[in-house]
Amino acid sequence: SVNGTLTVTLDKVATESVTEEYTCKLEFTATERDEIGKTKTPFEKDSWSTIAANVKAGNTDKYNVGDTKELVGTFGKHTVRIANKSACTTETSETACGFVVEFADVITKHAMNSTATSVGGWKDSEMRTYVNGTIYESLPSELQNVIVSTKVISGHGSTSGETNFETQDKLYLLSAQEVWNGNNYDTSVRTSKQLDYYKKQGVTPGSYSGTIKQYNGSNDSWWLRTAFSGGASDFLGVDNGGDWNGFGAAGFRGVSPAFRIA
């Protein structure tokens, strides 16, 4: 429990030495809670509009990478966390620039495309339409109002003539570089950078337990926006152990988007 102090002040002047006795009755209303003695962080307590105002004013010292906040929408109750605060330098994708928030868990499952193809990459994927339509519209309106449109660079597959894709998105999936700081099958490496959260977790291509996410209480795989450069039917994703893998685009896997506030 949390200790507190009750201060009682005698609010009258004494004209002679006197002792007075008082009976103090304290009444408490019992409230059910999940944890005992937990103090909420400013990120948990502040409204989304307050967070956005602080980000715009450069007043984010009280928010820390890894801080979490509960989010309730039509997909149920989920946790989001601060994934990044550092600015970009030479990166052309804005997806790891400034104040980035990501879902800490898998919120639903969906295919990248209804057919096994990565042609057109993230830009032309059914997943992009789903994330920026159905999932975005499921968020509380106060949060929708502070999410900014982000320039997203994404990798391409092996289809002849394809180059990295550029889109403008409210919500986006992460890239391999933003998670592991690189991958040989992601053509968009060096257009972004590793997110502060995964860097803080010590995530590398050889050490990746910090990338594991859960769906309904169990470790599960989740999609990245990166088309697998070694073929024309797969996208990269994170498996249930945290390592990268190439998954057929028509498979139903975890969706865990990110967004920026600026």
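Sequential numbering from 1 along the given sequence is applied to the chain's residues.
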- Is the backbone N or O of D186 less than 3.5 Å from a side-chain atom of Q177, with the two atoms forming a donor-acceptor pair by type? no

- Which residue pairs pass the salt bridge (Lys or Arg N to Asp or Glu O under 4.0 Å) test when at least one of the two sits in residues 51-68, sequence neighbours left out? D46-K62

- Heavy atoms of N113 and S125 approach each other most closely as OD1-CA, 3.4 Å

- Message: Restricting to ring-ring contact (aromatic ring centres under 6.0 Å, His included), what partner residues turn up for Y208, sequence neighbours left out?
- Response: none

Considering only distance and modelled atom types, tabulate donor-acceptor pairs under 3.5 Å from the side chains of residues 248-262, sequence neighbours left out.
residue	atom	partner	partner atom	Å
R253	NH1	S221	OG	3.1
S256	OG	F103	O	3.0
S256	OG	D105	O	2.9
S256	OG	K213	NZ	2.7
R260	NE	E94	O	3.2
R260	NE	C97	O	3.0
R260	NH1	T150	OG1	3.3

- Task: Hey, could you give me each pair passing side-chain hydrogen bond (donor to acceptor under 3.5 Å, both in side chains) that has a residue in residues 139-148? Not counting sequence neighbours.
- Result: S49-E142

- Task: Check whether any side-chain N or O of N132 sits under 3.5 Å from a backbone N or O of L171 as a donor-acceptor pair, and report yes or no.
- Result: yes

- Query: Should V179 and V65 be regarded as members of a common hydrophobic cluster, given that ILVMFWY residues are connected when their side-chain heavy atoms come within less than 4.5 Å of each other, either directly or indirectly?
  - Reply: yes

- Message: Count I, L, V, M, F, W, Y as connected when their side-chain heavy atoms are under 4.5 Å apart, and connections chain through other members. Are I212 and W222 then in the same cluster?
- Response: no

- Do other residues, nucleotides or ligands put more than 12 heavy atoms under 6.0 Å from the NZ atom of K85? yes

- Message: Between E166 (side chain only) and I153 (backbone N and O only), is there a donor and an acceptor less than 3.5 Å apart?
- Response: no

- Verify the distance criterion only: is there a donor paired with an acceptor across the side chains of N54 and N59 at less than 3.5 Å? yes

- May I ask you to decide if A176's main-chain N or O and E178's side chain share a donor-acceptor pair within less than 3.5 Å? no

- Would you confirm whether E162, through its side chain, and G120, through its main-chain N or O, come within 3.5 Å as a donor-acceptor pair? yes

- Message: Quick check on the hydrophobic clustering: are L236 and F165 connected, directly or via other members, by side-chain heavy-atom contacts under 4.5 Å?
- Response: no

- Which class fits the ring pair F43 and Y63: parallel under 30°, tilted 30 to 60°, perpendicular over 60°? perpendicular

- Would you please say whether a donor-acceptor pair under 3.5 Å links the side chains of T50 and S47? yes

- Task: Name all pairs fulfilling the ring-ring contact (aromatic ring centres under 6.0 Å, His included) condition that reach into residues 119-146, sequence neighbours left out, sorted by first residue then second.
- Result: H110-Y130

- Query: Is it true that F75 and V106 fall in one hydrophobic cluster, defined by side-chain heavy atoms closer than 4.5 Å?
  - Reply: yes

- Are a donor atom and an acceptor atom from the side chains of Y198 and E102 found within less than 3.5 Å of each other? yes

- Message: If I compare all heavy atoms of S192 with all of T95, which pair ends up nearest, and what's the gap?
- Response: OG-OG1, 3.6 Å

- Quick check: are there more than 12 heavy atoms from other residues, nucleotides or ligands sitting under 6.0 Å from NZ of K123? no

- Task: Kindly indicate, with the supporting measurements, whether the criterion side chain to side chain contact (heavy atoms under 4.5 Å, CB included) is fulfilled by V238 and L224.
- Result: CA-CA 7 Å; V238 184; L224 302 175; 4.0 Å; yes

- Message: Please find the pair of heavy atoms, one from K77 and one from V72, that lie closest to each other, and give the distance.
- Response: CG-CG2, 4.1 Å

- Under the 3.5 angstrom rule, does the side chain of N181 hit a backbone N or O of T204 as a donor-acceptor pair? no

- Message: Once rounded to the nearest 0.5 Å, what's the spacing between atom CG of D234 and atom OG1 of T226?
- Response: 12.5 Å

- Message: Assess the residue pair S86 and N84 against the criterion (side chain to side chain contact (heavy atoms under 4.5 Å, CB included)); give the C-alpha distance rounded to whole Å, side-chain angles, the decisive distance to 0.1 Å, and a yes or no.
- Response: CA-CA 6 Å; S86 63; N84 193 82; 3.5 Å; yes

- Shortest non-hydrogen contact from L139 to L143? CD1-CD2, 4.1 Å

- Item | Closest non-hydrogen atom pair between I82 and N64, with its separation | CD1-O, 3.4 Å

- Message: Distance check, rounded to the nearest 0.5 Å: S209 atom OG versus Q201 atom CD?
- Response: 7.5 Å

- Message: Does this structure show an ion pair linking E70 with K40, if we count only N-O contacts that are shorter than 4.0 Å?
- Response: no

- Message: Restricting to salt bridge (Lys or Arg N to Asp or Glu O under 4.0 Å), what partner residues turn up for D169, sequence neighbours left out?
- Response: R128

- Item | Atom pair CG (L71) and OG (S138), whose distance is rounded to the nearest 0.5 Å | 8.0 Å

- Message: Any non-hydrogen side-chain atom of V101 less than 4.5 Å from a side-chain atom of R81?
- Response: no

- F99 vs I51, side chain to side chain contact (heavy atoms under 4.5 Å, CB included): CA-CA, chis, key distance, verdict: CA-CA 10 Å; F99 204 88; I51 292 169; 4.1 Å; yes

- Considering non-hydrogen atoms only, spot the tightest contact between S93 and C88 and give its length. O-SG, 4.3 Å

- Message: The test is side chain to side chain contact (heavy atoms under 4.5 Å, CB included); show your working for I107 and I135 and say whether it passes.
- Response: CA-CA 9 Å; I107 61 175; I135 294 183; 3.9 Å; yes

- Task: Would you tell me whether R225 and S188 have side-chain atoms, one donor and one acceptor, within less than 3.5 Å of each other?
- Result: no

- So S149 and Q168, side-chain hydrogen bond (donor to acceptor under 3.5 Å, both in side chains) or not? Walk me through it. CA-CA 6 Å; S149 183; Q168 288 286 332; 3.1 Å; yes

